[in-house]
Amino acid sequence: MTFDPSIFTDHLGDIGSGFLVTLGTWSSGVVLGLALGMLIAVAQVFGNRFVRAPLRVFIELIRSTPFLVQLFLVYYGGPSFGISLDPIPAGILGLGVYGSVYFAEIFRTGFESVARGQLEAADCLGITRLQCIWRIQVPQMLVMILPALVNMVTVLCKETAVLSIITIPELTMVLTGIGSETFAFVETLLMLCIGYLILVELCSRLGMLLETRVGRFMSRQPR
Amino acid sequence: MNSLLIPGGNVAAPTRETTRESLDEPMKTNGDQSPVLTLSQVGKSFGNLRVLKGIDLQVQRSEVVCLIGPSGSGKSTLLRSMAFLEEYDEGEIRIEGQLLGWQDTDKGRRRAPQSQINQVRRNVGMVFQQFNLWPHMTALGNVCEALRRVRKLSADEAKKRGMAMLDKVGLAHKAETYPAQLSGGQQQRVAIARALAMEPHIMLFDEPTSALDPELVGEVLQVMKTLAKEGMTMVVVTHEMGFAAQVADSVIFLDQGEIVARGTPQQIFHNAEQPRLQQFLQNYLDRNAFWQDAKA
């Protein structure tokens with residue numbers, strides 16, 4: 001097999017913009033997913049059963065259907081429900097909602113990992129629910145759930161490839177396009193793998209850095 | 001648990017009248033004569049199991065009351081009800097005249113809003129068997145948290161009051177230490193300081209020394225004795241009969257959710273009349289009999 005780098009140098013601009021679109025949709029999807037996930041988790045842990053039951057159904061629905069199908073529903077099915085979105089907002093929304101249920105489950109186990117007694121102590125001192133979440137529960141659970149969070153974030157990175165089917169010009173769309181134009185399928189697909197590898201590797205490194213940081217915060221020695 | 005509608009329970013008429021009076025003046029700071037804590041006909045069930053069966057109890061200002069009894073007798077549930085950590089479902093608990101946890105509506109009794117519950121129990125301090133310190137905060141951070149977030153003190157003021165409280169329990173030098181680096185006894189003293197910082201009018205202790213190594217029990221009891229001497233109103237669930245005998249003004253013996261005996265330490269420990277209490281004390285004596293054997 002001959003490897004012709006000119007395929008890439010000729011399309012450097014397209015590849016670059018594809019990379020940026022992937023990065024953009026991914027990070028926006030992650031932020032949306034984390035925010036929604038936290039809301040769902042808080043509602044699940046502290047809400048009554050009338051809040052919990054529909055959320056449970058929602059989580060199961062998202063978890064047991066393929067991301068591809070969900071995305072089709074949002075983008076192509078959306079207009080029939082009166083939601084017409086451009087490809088990129090639709091993609092971010094789809095990615096965010098898909099991620100949110102997994103993030104919510106991670107947060108929920110986090111909340112449950114903080115001993116009940118600590119919350120009772122806070123309760124007795126007049127500390128409110130919200131203060132309790134942010135001051136007592138979140139800082140403690142972060143250490144425990146960080147690896148799971150990072151893992152889910154990398155999963156979402158790879159799921160952005162699916163966004164190509166709703167015509168978002170991200171990395172997969174760009175490179176497979178170049179592939180079919182030039183018939184250099186192997187080169188472009190290998191390049192695609194390397195692109196995702198770089199993103200996921202960066203994310204994991206960042207996660208590990210964060211883990212040591214948070215870990216150090218948790219086990220500070222007496223000074 | 002979703003018991004929004006709770007039947008009013010079997011509250012006697014006179015109690016109901018005093019209820020009205022004190023509701024008219026909810027914030028009245030009572031004179032020293034009125035009890036800090038009043039329980040009337042308090043009952044509580046877990047499913048079909050009735051763990052508290054109509055408890056009547058009054059705690060006067062500066063009084064130290066010790067609750068003793070076998071495990072499963074309901075003494076911890078009773079104490080936790082006094083801070084509304086358990087929703088008692090019959091009768092009334094009043095703290096300085098205010099009804100705790102419930103409010104009467106025309107549809108019956110409903111759980112009071114959280115802000116109202118906090119308002120009623122703002123003068124109640126609670127100390128737990130498992131300390132329940134927040135492990136990601138220093139000793140000082142634990143003591144200051146509620147001062148900052150609830151009392152809204154400035155960082156400096158909170159720190160000053162927090163240090164004073166740690167000093168009171170003899171741990172000022174451990175202010176910057178995290179709970180994991182403290183012994184059990186020290187952790188419990190920090191927990192006491194944390195509760196004291198909010199200037200409670202009554203302190204509730206739920207088996208404060210039961211999770212401690214025997215040799216660490218003394219330092220916690222010492223802090224509690226000092227508190228009692230200073231006139232703090234206290235309700236203590238304990239297995240430390242020595243502490244109860246020395247410090248309590250009255251001792252209450254609970255069994256199967258009922259008060260079986262109550263009286264001065266002298267009456268309870270030396271002149272027990274009820275067979276159930278005699279048996280309980282005999283068990284306790286038997287466990288510690290080797291001391292007597294050695295002396296004999």
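FYI, side chains are in, hydrogens and waters are out, and symmetry mates aren't considered; it's all heavy atoms of this structure. Each chain gets a letter, A, B and so on, in the order the sequences are listed, and its residues count up from 1.
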| query | Taking all atoms of both residues into account, what is the closest heavy-atom pair of Leu85(B) and Cys124(A), and its distance? | reply | CD1-SG, 3.8 Å
| request: Please say whether more than 12 non-hydrogen atoms of neighbouring residues, nucleotides or ligands are located less than 6.0 Å from CZ in Arg205(A). | output: no
| request: Could you tell me which portion of Asn118(B) (side chain, backbone, both or neither) has an atom closer than 4.5 angstrom to a non-hydrogen atom of chain A? | output: side chain
| query | Nearest heavy-atom pair of Ile136(A) and Met137(B): which atoms, and what distance? | reply | CG1-CE, 4.2 Å
| task | Check Gln140(A) against Pro135(B) and note the closest heavy-atom contact, atom names and distance. | result | OE1-CG, 3.1 Å
| Heavy-atom closest contact (Gln131(A) atom, Lys152(B) atom, distance) | NE2-NZ, 3.9 Å
| Rounded to the nearest 0.5 Å, what separation is found between the CZ atom of Arg151(B) and the CG atom of Leu125(A)? | 9.5 Å
| query | CD of Glu120(A) to CD of Gln130(B): how many Å apart, nearest 0.5 Å? | reply | 11.0 Å
| query | Atom SG in Cys132(A), atom CD in Glu145(B): separation rounded to 0.5 Å? | reply | 9.0 Å
| query | Most heavy-atom pairs under 4.5 angstrom with chain A, which of Arg194(B), Lys174(B), Met198(B), Arg122(B)? | reply | Arg194(B)
| message | Need one label for Ala115(A): side chain, backbone, both or neither, based on atoms under 4.5 Å from any heavy atom in chain B. | response | neither
| message | Heavy-atom pairs under 4.5 Å with chain A: which of Gln129(B), Arg80(B), Arg121(B), Met126(B) has the most? | response | Arg121(B)
| message | With a 4.5 angstrom heavy-atom cut-off, is it the side chain or the backbone of Leu133(B) that approaches chain A, or both, or neither? | response | backbone
| message | Just to be sure I understand the criterion: a residue of residues 159-173 of chain B counts if one of its heavy atoms is under 4.5 Å from a heavy atom of chain A. Which ones qualify? | response | none
| Where Gln114(B) and Asp123(A) come nearest, the two heavy atoms and their spacing | NE2-OD1, 3.3 Å
| query | What part of Arg135(A) lies closer than 4.5 angstrom to a heavy atom of chain B: side chain, backbone, both or neither? | reply | both
